[in-house]
Amino acid sequence: MIALQEQFEGLREHFRGRDLLDFSDYTGAEIMQLLDAAKTLKAMRQQGTPTPFLQGKSLGMIFDKASTRTRVSFEVGMFELGGQALYLASGQTQLGRGEPLSDTARVLSRYLHAIMIRTFSHESVQSLANIATIPVINGLTDDHHPCQVLADLQTIIEHRGSLDGVTMTYVGDGNNMANSLLQICTLVGMNIRIATPPGYEPNAKVVEQVRRNAVLSGSEVVITHDVREAADQSDVIYTDVWASMGQEEEAAKRQQAFHGYQVDDSLMKLAKKEAIFLHCLPAHRGEEVAESVLEGSQSVIFDQAENRLHAQKAVLVAVAG
Ligand code: CP
Ligand code: NVA
């Protein structure tokens, strides 16, 4: 119990007040600290040990896009930490009627202890964080999804024992997931290969930044169009939808562009025998992933979805504690 108190005290002292917008201002050691806390919080939940670390605290959750996992896991997470979460669909707030985000940020800072936001523009989340005097957590933008990749690493540790020497292959769109996976993998020293169709590569600035991380951490980074080469002897195969939220009108064009980039059984066979399959969900069966892979024995997608809860509780305790 004392060791536990020390772990969470240390976490809170280190992270208190920090934003989590993406991982560009985090270190590999900090990510490992959050993952350790997530593991502890998961074990405590399984043992039925109460975790009232955020008693009396309120999280506001601004949503401009749909969500199942993010909304429910943050809401349940705050409840289990002794606090509460408020769901703020922006269309039903004054934001939807044109009240500036800058005014909203200052108002919400007077009521809440942290804000989670899911929206389109990453820059608007950065502006919100600059103005708000409470921590801001990115619940997904067009460019990043940091909470998801934290849960992804927790899942890899659970199934592979550690992150040491692990190679992840991400197949598909160079989107928010690809950018965040590039950041987190290169900070913790994992190898990361991204295979996309031409024209759908990850953000060039992120790639440049993570190549610098990789030099420091010893990660190997491969950005390629060759999906089979990318999957060869990999430990983790990951994919995401071809058309993200907000890209619905491009869906038909993307179906054609992504032909040949489906994760199917033949692709899984190129990876290591014990490789795991990850998908942030929601998944489109028969598009980016074959039903047989999604439902197959290598798929750990529901452990991954569950870990959103534990990883985010760790972030909440850390920044809002
Ligand atoms: N993976 C994820 O963020 O799921 P939701 O869109 O359901 O929140
Ligand atoms: N790339 C997807 C991720 C959903 C969790 C999207 O942005 O819609």
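Both ligands and their constituent atoms are indexed starting at 1 by order of listing. Note that the numbering runs from 1 along the sequence shown for the chain.
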Give the residue and atom name of whichever protein heavy atom lies nearest to [atom], and the separation in Å to one decimal.
atom                   : result
atom 6 (O) of ligand 1 : Arg118 NH1, 2.8 Å
atom 8 (O) of ligand 2 : Met245 N, 2.8 Å
atom 3 (C) of ligand 2 : Asp240 OD2, 3.6 Å
atom 4 (O) of ligand 1 : Arg69 NE, 2.8 Å

Side-chain donor/acceptor of Ser127 to backbone N/O of Ser102, under 3.5 Å: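 No, because the side chain of Ser127 does not come within donor-acceptor range (under 3.5 Å) of the backbone of Ser102.
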
May I ask you to decide if Gln247's main-chain N or O and Ser244's side chain share a donor-acceptor pair within less than 3.5 Å?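 No; judged by distance alone, with no hydrogens or angles, the pair does not exist.
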
Does an N or O anywhere in Lys65 fall below 3.5 Å from an N or O of ligand 2?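 No, Lys65 has no N/O under 3.5 Å of an N/O on ligand 2.
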
With atoms numbered from 1 as shown, which atoms in ligand 1 lie under 4.0 angstrom from a non-hydrogen atom of [X]?
X      : answer
Cys280 : 1 (N)
His145 : 2 (C), 3 (O)
Leu281 : 1 (N), 2 (C), 4 (O)
Thr68  : 5 (P), 7 (O), 8 (O)

Evaluating non-hydrogen atoms only, which member of Cys280, Ala283, Ser244 is closest to atom 6 (C) of ligand 2?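 Heavy atom nearest to atom 6 (C) of ligand 2 belongs to Ser244.
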
Would [X] count as a contact of ligand 1 if the rule is a heavy atom under 4.0 Å away?
X      : answer
Leu140 : no
Arg308 : yes
Lys65  : no

Say whether Gln154 and His310, considering side chains only, have a donor N or O and an acceptor N or O under 3.5 Å apart.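 Absent: no donor and acceptor within the cut-off.
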
Quick one about Asn138 and His145 (side-chain donor to acceptor, distance below 3.5 Å, no hydrogens or angles considered), yes or no?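 Result is no, nothing qualifies.
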
So, Arg254 and Glu248, do they make that salt bridge, N to O below 4.0 Å?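 The answer is no: the pair does not qualify as a salt bridge.
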
Relative to the heavy atoms of [X], which atoms of ligand 2 are at a distance of less than 4.0 Å?
X      : result
Asn176 : 1 (N), 2 (C), 6 (C), 7 (O)
Leu140 : 3 (C), 4 (C), 5 (C), 7 (O)
Leu281 : 5 (C)

Please determine whether salt bridge (Lys or Arg N to Asp or Glu O under 4.0 Å) holds for the pair Lys269 and Asp264, giving the CA-CA distance in whole Å, both sets of side-chain angles, and the decisive distance to 0.1 Å. CA-CA 9 Å; Lys269 281 207 178 75; Asp264 58 12; over 6 Å; no

Run the numbers on Arg211 and Glu220 for salt bridge (Lys or Arg N to Asp or Glu O under 4.0 Å), then give the verdict. CA-CA 9 Å; Arg211 287 203 189 279; Glu220 277 175 35; over 6 Å; no

Let me know which of Lys39, Lys42, Gln304 forms a side chain to side chain donor-acceptor pair (under 3.5 Å) with Glu158.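 For Glu158, the side chain to side chain donor-acceptor pair (under 3.5 Å) check succeeds only for Lys42.
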
Worked check of salt bridge (Lys or Arg N to Asp or Glu O under 4.0 Å) between Asp232 and Arg193: CA-CA 10 Å; Asp232 184 49; Arg193 305 172 185 162; 5.7 Å; no

Over-ring placement of Arg71 relative to Tyr87, 6.0 Å and 45° cut-offs: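 Geometry flag: set, cation within 6.0 Å and 45°.
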
